[in-house]
Amino acid sequence: MTEPLRLGIAGLGTVGIGVVKIIRRHAALLEARTGRPVVITAVSARDATKDRGVSLKDYAWETGPVALATRDDVDVFVELMGGHEGPAKLATEAALAAGKDVVTANKALLAIHGQALAEQAEANGRVIRFEAAVAGGIPVIKSLTESLAGNEITRVMGVMNGTCNYILTQMEATGRGYNALFEECGQLGYLEADPLLDVGGIDAGHKLALLASIAFGTKPAFDDVKLEGIQRIAIEDIRHAADMGYRIKLLGVAQRSARGLEQRMTPCLVPADSPLGQLEGGTNMVVIEGDAIDQVVLRGPGAGEGPTASAVMGDVLDIARGLRIATFGQPATTLSEEPAAQTGLPAPYYVRMALQDKPGALAKVAAALGDAGVSIHRMRQYDHATTVAPVLIVTHKCTSTMLEQALEALAATGVVEGAPVALRIEEL
């Protein structure tokens, strides 16, 4: 096939301009690798007059993304606007209805509306590709849908928000607290317009819902993802975790059990010498475990112009080559509705509390834990100059329900000041 593959790009922010640059810089290389030219015919953005550092005069401009998505001279609609409602959703639906393939970096759109969009795409003989929506430049979608398709996946986990990982690793490296580093991230432009998308785990939760759908053949279920951000992590937790051989990460985990499909994006302790424990700064990492491959670790940049545009172009080139894969790795109508696991698989937990320094206090703590079925594996009390002692406990494996009961019992002892901090320890 020698006819060009014609793109319409909606959204000319960092990623959109990155795609334009790759096509302009590597036109001959792209054609050599696909056997046909890859060209941009039209674009759309809120401000046509803005200087974006690259010439766009060769492309037609549309005032809105829906008009762009339905142009006769567009074969692939590249949606890089973001947002799970409004123009992004309407334009994607319009593109599929008009017989266009779609490439998107929009994790929220697919995590919330992915099932309906996948069914629409397949009913119209079209494909939706979204490598850039999860972990930036890391080819995790392609790995799950292609290279590892012969495996029964048992667990997917990873660090999928670079901002959170930057904050947590900088807390350890500099001794600065969460609030100071949050403000720094805002000044550096690392935070979303709504910062809670980052630090609240929502952005990474969208990504986990997509990975879980592919890995386990289930309909995307973002509402079933347990979310907890990093706002409660104190510098004391970072230091104490390190003292015990762990590091704290905002970790996404999806795994199936007899209880249903467990999906959670929460702060966890991981061994400091593990691949996840050694991950620094804004880098992302996804770990995939399967029955044939045991474990695969994918590491790379999770955001930025080049890495994310690279992922977009990988999808575009697959379409140019004629590669057609169902949105979530198998026909959308065959995806199951897996019940959400109400209780996760048992695991050890880290618990930090402020304990009144008086006789019998530790005995009350041990009794409260024991009554809930939680046994103590390790306990450490640190030097203190006040009447309240910082106490750390690492439990043996227990369920989250047992731990919640234990925390309620601790509050009723009268010897624990404030609310304890409890973090799951993920075994790798």
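The basis for the numbers below is simple: all heavy atoms, side chains too, and nothing from hydrogens, waters or symmetry mates.
Using a 4.0 Å cut-off between charged nitrogen and carboxylate oxygen, E426 and R155 count as a salt-bridge pair. Checked for salt-bridge contact, E184 and R176 meet the test: a charged N lies under 4.0 Å from a carboxylate O. A salt bridge does not link D75 with K100: none of the charged nitrogens is closer than 4.0 Å to a carboxylate oxygen. Salt bridge D243/R239: absent, no basic N to carboxylate O contact under 4.0 Å. Under the 4.0 Å criterion applied to side-chain N and carboxylate O atoms, E172 and R247 are assigned as salt-bridge partners.
Y178 places a side-chain heavy atom less than 4.5 Å from the side chain of V199. Using a 4.5 Å cut-off on side-chain heavy atoms (C-beta onward), Q255 and R264 make contact. Two residues are said to be in side-chain contact when any heavy atoms from C-beta on lie closer than 4.5 Å; K358 and V415 meet this criterion. Taking the side chain as every heavy atom from C-beta outward, L251 and M265 never approach each other to under 4.5 Å.
For R299, the CZ atom sits in a loose shell: 12 or fewer heavy atoms of surrounding residues, nucleotides or ligands are nearer than 6.0 Å.
A distance of 6.0 Å or more separates the ring centres of F182 and Y190.
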**OP:** Please assess I23 against L7 for the test side-chain contact (heavy atoms from CB on, under 4.5 Å), listing each intermediate value before the final yes or no.
**Re:** CA-CA 10 Å; I23 292 174; L7 311 183; 3.5 Å; yes

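Under the 30°/60° scheme for interplanar angles, the aromatic rings of H206 and F222 are found to be tilted.
Here the shortest heavy-atom pairing between A88 and G82 reads CB-O, 3.5 Å.
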